[in-house]
Amino acid sequence: MPGLQSRRDALSLGLGFAAAAALPAGSAVARAPKLNSQAPYFYRFGFGEAEVSVVSDGPLPLGDPSESFLGVPKEEIRAMLSRNFLNPTAVTLEQNIPVVNFGDRLVLFDTGMGTSQAFGPTTGRLIKSLGEAGIRPGDIDAICCSHAHIDHIGGIVGADGKPLFPNAEVWLAQSDFDFWTDEGKLGSPAKAFVEHARRNLLPVRDRIKFFRDGQEFLPGIQAIAAPGHTVGHTIFMISSAGKQFCFMGDLTHHQILLLEKPLMEFAYDSDPKQSAQTRVRLLTMLAEKQVPVMSYHFPWPGFGHLAKAGDGFRYFAEPMQMVR
């Protein structure tokens, strides 16, 4: 046998085979218990002179995709998912929250569901994820909210109604603040969203600041209006040392459905037609300029690249950098 150095090697090998054959059927050398645990829910990488830590608020199950993704026959939606090895009858979104350390300030983008379990018990783990990443809530200097939906501003205050980030200023589009904290909408179908927005935004009203479209409202962070999903929905260009990526918020919720068919409508859009047009316009810009992107709802950790593909787009996940 090639590689065996002597008859002694061959004899030892033969004895090993014999010993293995002598084991009772179905027995194992190591009976290790199942661990039933998972890795911490954060991912960290360098970007220019900044450091980005992506933390999760936990998976967000949407259920039957045909109830949320509209304007395309149910059979076609299921076929799109099946072709991409995804469950055709149930969609689960991620909640990827970047924390960017610029060296002189620590900035959090969106805050997850918080105490609301409107989409089930797997959400609301932002504070736990931050702890796993070694980030203290009191060290956050600013929170940038893409919009005021329940799964983006829900983690600003805790169950006791007190701010979870005691030293952070909160940035938001004023149109979204006005819309989602409007007491007059408590009798509308958006009641749960309005209640949660009021619960999280009003206690920090004195620390809320409003950005304008195109404004670099913090060094290295530019707001770009992306209306339709909500009236004030905003994406952010984040820059450091000549590098740039875009935090897309909810510009697109799914890496297949709303990219292959970007004119498909989404049930949680305030203005589905406007949202679809905004999606096409901004995705085209990002793809043409080859700007790296991070999506709030794409598969973990949501960082990658966009390219045009026919009438739609394709997402290419960036390989994770596990060694630094």
Do [X] and [Y] make a side-chain contact, defined as non-hydrogen atoms from C-beta onward lying under 4.5 Å apart?
X: Ser239; Y: Gln222; value: no
X: Asp151; Y: Leu60; value: yes
X: Asp250; Y: Ser146; value: no
X: Val52; Y: Tyr43; value: no
X: Met294; Y: Ile238; value: no
X: His254; Y: Leu86; value: yes
X: Asp271; Y: Pro227; value: no
X: Tyr268; Y: Thr230; value: no

For the student: nearest non-hydrogen atoms of [X] and [Y], plus distance:
X: Met248; Y: Ser295; value: CE-CB, 3.7 Å
X: Ala225; Y: Asp213; value: N-OD1, 2.9 Å
X: Arg279; Y: Leu258; value: CD-O, 3.8 Å
X: Ser56; Y: Trp300; value: CB-CZ3, 3.7 Å
X: Asn200; Y: Gly154; value: OD1-O, 3.0 Å
X: Gly112; Y: Asp57; value: CA-OD2, 3.3 Å

Angle class for the [X]/[Y] ring planes (parallel below 30°, perpendicular above 60°, tilted otherwise)?
X: Phe236; Y: Phe247; value: parallel
X: Phe303; Y: Phe45; value: tilted
X: Trp171; Y: Phe217; value: tilted
X: His229; Y: His149; value: perpendicular

Got more than 12 heavy atoms from elsewhere within 6.0 Å of [atom1], [X]?
X: Lys185; atom1: NZ; answer: yes
X: Lys273; atom1: NZ; answer: no
X: Asp160; atom1: CG; answer: yes
X: Arg281; atom1: CZ; answer: yes
X: Glu49; atom1: CD; answer: no
X: Arg314; atom1: CZ; answer: no
X: Phe210; atom1: CZ; answer: yes

Please answer: with hydrophobic residues joined when any side-chain heavy atoms are less than 4.5 Å apart, are [X] and [Y] in the same cluster?
X: Leu93; Y: Met264; answer: yes
X: Ile235; Y: Phe211; answer: no
X: Val54; Y: Met320; answer: yes
X: Leu164; Y: Met113; answer: no
X: Phe109; Y: Phe47; answer: yes

Once you round to the nearest 0.5 Å, how far does [atom1] of [X] lie from [atom2] of [Y]?
X: Glu195; Y: Ile150; atom1: CD; atom2: CD1; result: 9.0 Å
X: Leu251; Y: Tyr296; atom1: CG; atom2: OH; result: 15.5 Å
X: Lys289; Y: Leu306; atom1: NZ; atom2: CG; result: 14.0 Å
X: Glu76; Y: Leu81; atom1: CD; atom2: CG; result: 11.0 Å
X: Lys308; Y: Leu259; atom1: NZ; atom2: CG; result: 10.5 Å
X: Met237; Y: Ile224; atom1: CE; atom2: CD1; result: 4.0 Å

Taking it one step at a time, do Phe177 and Ile208 satisfy side chain to side chain contact (heavy atoms under 4.5 Å, CB included)? CA-CA 9 Å; Phe177 175 85; Ile208 292 179; 3.7 Å; yes
Ser53 side chain to Arg44 side chain, donor-acceptor N/O pair below 3.5 angstrom: yes
Checking side chain to side chain donor-acceptor pair (under 3.5 Å) against His152, which of Asp110, Asp176, Thr111 comes through? Asp110
Go through it in stages, so that I can follow the logic: the residues are Phe266 and Thr252, the test is side chain to side chain contact (heavy atoms under 4.5 Å, CB included), and I'd like the CA-CA distance, side-chain angles, deciding distance and then a yes or no. CA-CA 9 Å; Phe266 187 64; Thr252 171; over 6 Å; no
